Protein chains: 2
Amino acid sequence: MKAITVLLADDHLVVRTGLMALLGTQTDIAVVAEVGSGEEALAAVEAFRPDVVMMDLAMGAGMDGIEAIKAVRSKVPGQPVLVFTTYDSDADIVRAVDAGAMGYLLKDAAPEEIFAAIRGAVKGTSHMSPPVASRLFEHFRNPGAVLTPREAELLALLTQGLSNRELGRRLFISEATVKTHLAHIYAKLGVQARAEAIATALRREGMR
Amino acid sequence: MKAITVLLADDHLVVRTGLMALLGTQTDIAVVAEVGSGEEALAAVEAFRPDVVMMDLAMGAGMDGIEAIKAVRSKVPGQPVLVFTTYDSDADIVRAVDAGAMGYLLKDAAPEEIFAAIRGAVKGTSHMSPPVASRLFEHFRNPGAVLTPREAELLALLTQGLSNRELGRRLFISEATVKTHLAHIYAKLGVQARAEAIATALRREGMR
DNA sequence: CCCTGCCTCAGCCTTTTGGCTGATACGACC
DNA sequence: GGTCGTATCAGCCAAAAGGCTGAGGCAGGG
């Protein structure tokens with residue numbers, strides 16, 4: 001039986017080393033390359049054509065994990081990519097899934113879970129860590145909470161602490177429009193005021 | 001020469017595995033135990049009396065890294081503890097240092113840096129990753145920005161998105177007093193408004 | 001004992017924010 | 001060709017937040 005080939009992309013050497021050691025215990029899984037950035041991952045996918053890519057989402061400077069997933073899958077359509085990260089923020093999960101990730105593992109996952117996800121990925125089975133799955137479920141249970149692109153843009157600036165006037169200047173819209181968007185955002189987030197919206201956005205969505 | 005004994009405390013199995021693998025390449029460093037929580041770390045320190053403890057700050061549920069450092073050092077005075085974490089928020093660094101940490105390493109540190117920090121720790125030399133050191137320096141360069149206990153308490157609630165009225169109710173003080181504290185907080189943080197204060201606090205201090 | 005820092009509070013006035021109602025415009029979809 | 005979602009804007013009013021000045025109590029240090 002030919003071993004499943006895996007590419008590791010994570011900016012932390014310690015994590016890559018740990019994964020290599022863990023995956024090394026499995027005879028049917030072989031790490032063929034390890035890289036520390038999204039750009040390198042893209043190149044390595046072309047060079048090695050691994051069966052599965054394990055990708056961290058936070059990768060220091062440059063291309064982030066989500067962009068890397070999109071780039072990889074546009075270059076190699078159908079390439080199975082597993083997200084392997086510390087966080088399980090709503091936004092990250094949703095963005096990863098619609099960037100085409102086959103699975104979403106948390107770094108505190110048990111080794112068996114990791115192995116199972118890799119084996120599943122080559123067969124086209126997707127795997128989510130339980131907390132991730134439940135968040136994703138929540139997300140689709142309440143699709144009313146999906147912000148429009150413009151609203152999301154505004155929220156991002158809002159979390160910088162800008163005033164309505166500033167928001168208007170930055171987005172080239174009137175203060176009246178800013179207020180309209182804000183009202184919609186508050187309703188969707190289920191909050192009463194600006195402060196709460198910022199708190200919610202920063203906590204829930206891992207926006208920083 | 002007797003090898004330096006090390007205890008690893010980190011809730012991520014992958015990270016522990018990676019560190020074991022990296023440290024295993026050094027003949028003068030021996031990992032004597034690895035644990036996944038602050039409570040276990042405390043027990044392991046007593047049982048193994050390691051030369052150095054490497055401690056993560058974020059450790060899921062239960063005792064966090066800072067508490068664990070304090071507990072370890074109160075049980076074994078002078079025990080060298082190295083913080084090994086992903087983040088370098090101001091608050092974490094300062095709290096770790098005054099909990100008695102001997103050094104502060106980031107997870108993306110080069111292996112040589114990690115080895116050096118461990119070797120230094122047993123000799124009583126403290127080591128900081130460069131970005132950490134510069135933040136610590138900044139912190140002491142501008143001590144005016146130190147919030148009073150009451151202000152910190154208020155800021156914590158502020159980041160929950162509460163209104164002035166709510167803040168007053170929670171802290172059993174009048175809205176007038178809340179405004180006074182807020183004015184001081186804004187001045188110390190160097191911000192103009194509530195929204196900015198929340199953003200700054202959440203981003204800079206890793207309060208969540 | 002005085003000074004300083006911290007916590008507490010009041011009043012006054014301006015600016016900002018939020019709630020509401022209503023309106024126009026454009027593109028997609030049926 | 002109508003409908004829906006999105007984005008844009010206005011005006012009005014009430015509530016909240018912020019700037020300013022002033023002030024009392026209390027603990028700790030010189």
Side-chain angles (χ1 to χ4, degrees), chain A residues 91 94-95 98 139-202 204-205 207, chain B residues 91 94 98 139-202 205 207:
Chain A
V94 172
R95 289 191 308 150
D98 74 40
H139 183 79
F140 286 110
R141 202 186 54 76
N142 180 14
V146 177
L147 301 181
T148 67
R150 197 57 160 168
E151 285 162 1
E153 198 176 349
L154 211 142
L155 181 56
L157 289 176
L158 188 64
T159 63
Q160 316 271 324
L162 302 186
S163 69
N164 290 349
R165 184 164 316 187
E166 269 301 302
L167 292 172
R169 276 203 333 107
R170 298 283 192 96
L171 298 177
F172 307 106
I173 58 182
S174 80
E175 217 175 310
T177 307
V178 169
K179 287 169 126 192
T180 304
H181 285 311
L182 284 180
H184 294 158
I185 291 173
Y186 297 161
K188 288 182 179 179
L189 294 184
V191 302
Q192 305 305 318
R194 164 181 299 247
E196 217 182 326
I198 296 173
T200 302
L202 287 174
R204 273 221 314 233
E205 311 295 351
M207 285 181 179
Chain B
V94 173
D98 74 39
H139 183 80
F140 287 110
R141 202 188 54 76
N142 179 14
V146 177
L147 301 181
T148 67
R150 196 58 161 171
E151 286 161 2
E153 198 176 349
L154 212 143
L155 181 57
L157 289 176
L158 188 65
T159 63
Q160 315 272 325
L162 303 186
S163 69
N164 290 351
R165 183 164 319 186
E166 269 300 303
L167 292 172
R169 277 205 330 112
R170 297 285 192 96
L171 299 177
F172 307 106
I173 57 181
S174 81
E175 218 175 311
T177 306
V178 169
K179 285 170 139 192
T180 305
H181 285 312
L182 285 180
H184 294 160
I185 291 173
Y186 298 162
K188 288 183 180 179
L189 293 184
V191 301
Q192 306 304 318
R194 162 182 301 246
E196 218 182 326
I198 295 173
T200 302
L202 287 174
E205 310 295 351
M207 286 181 175

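Quick caveat: nothing in here was measured; it's all calculated off a predicted structure. Naming convention: chains lettered A, B, ... in sequence-line order (proteins, then strands); numbering from 1 in each chain.
Residue A:R194 has its side chain nearest to C:dT17 when only D:dT8, C:dC9, C:dT17 are considered. Closest to the side chain of A:K179, from the set C:dT17, C:dT8, D:dT8, is C:dT17. Here the nucleotide nearest the side chain of B:S163, chosen from D:dG18, D:dA17, C:dG18, is D:dA17. Taking the side chain of A:R150 as heavy atoms from C-beta on, and the options C:dT8, D:dA10, D:dA7, the nearest nucleotide is D:dA7. Listed candidates were D:dA17, D:dA7, C:dT8. Nearest to the side chain of B:T180 is C:dT8. Between D:dT8, C:dC9, D:dA10, one nucleotide has an atom nearer to the side chain of A:A176 than all others, and that is D:dA10. Nearest nucleotide to the A:R165 side chain, out of C:dT16, D:dT8, D:dA7: C:dT16.
Going from atom CD1 of A:I198 over to atom P of C:dT17 covers 10 Å, rounded to whole Å. Per the geometry, CG belonging to A:L167 stands 13 Å off P belonging to D:dC9, to the nearest Å. Taking atom CG of residue A:L182 and atom C1' of nucleotide D:dA16, one finds them 15 Å apart after rounding to whole Å. Rounded to an integer number of Å, the gap from NE2 of A:H184 to P of D:dG5 is 12 Å. As a whole-Å value, the separation of B:Q192 CD from C:dT16 P is 11 Å. Rounding to whole angstrom units, NZ of residue A:K188 and P of D:dG5 are separated by 11 Å. Per the geometry, CG belonging to A:L162 stands 15 Å off C1' belonging to C:dT17, to the nearest Å. The CD atom of A:E175 sits 8 Å away from the C1' atom of C:dT16 (whole-angstrom rounding).
In this model, the phosphate group of D:dC9 is approached by a side-chain N or O of A:T177 to a distance below 4.0 Å at OP1 or OP2. Applying the 4.0 Å criterion to OP1 and OP2 of C:dT16, one finds that A:N164 has every side-chain N and O outside that range.
A:R150 has its side chain within reach of A:L171: a pair of non-hydrogen atoms, C-beta onward, lies under 4.5 Å apart. Proximity of A:H181 to A:I173: side-chain heavy atoms (C-beta onward) are separated by under 4.5 Å at one or more points. Counting heavy atoms from C-beta on, the side chains of A:K188 and A:T148 come closer than 4.5 Å.
A salt bridge is defined here as a Lys NZ or Arg NE, NH1 or NH2 lying under 4.0 Å from an Asp or Glu carboxylate O, and A:R170 with A:E166 meets this definition.
Within 4.0 Å of B:S174, counting heavy atoms only, lie sugar-phosphate atoms of the nucleic acid but no base atom. The residue A:A193 sits close only to the backbone: its heavy atoms come under 4.0 Å of sugar-phosphate atoms, none of a base.
Put simply, CG on A:L158 and OH on A:Y186 are 5.5 Å apart, with the number rounded to the nearest 0.5 Å. With values rounded to the nearest 0.5 angstrom, B:E153 atom CD is found 11.0 Å from B:L155 atom CG.
Counting atom types as modelled, B:T148 pairs no side-chain N or O with a base atom of C:dC7 as donor and acceptor under 3.5 Å.
Nearest-nucleotide mapping onto DNA chain C: of A:A195 and B:E151, the residue sitting toward the 5' end is B:E151.
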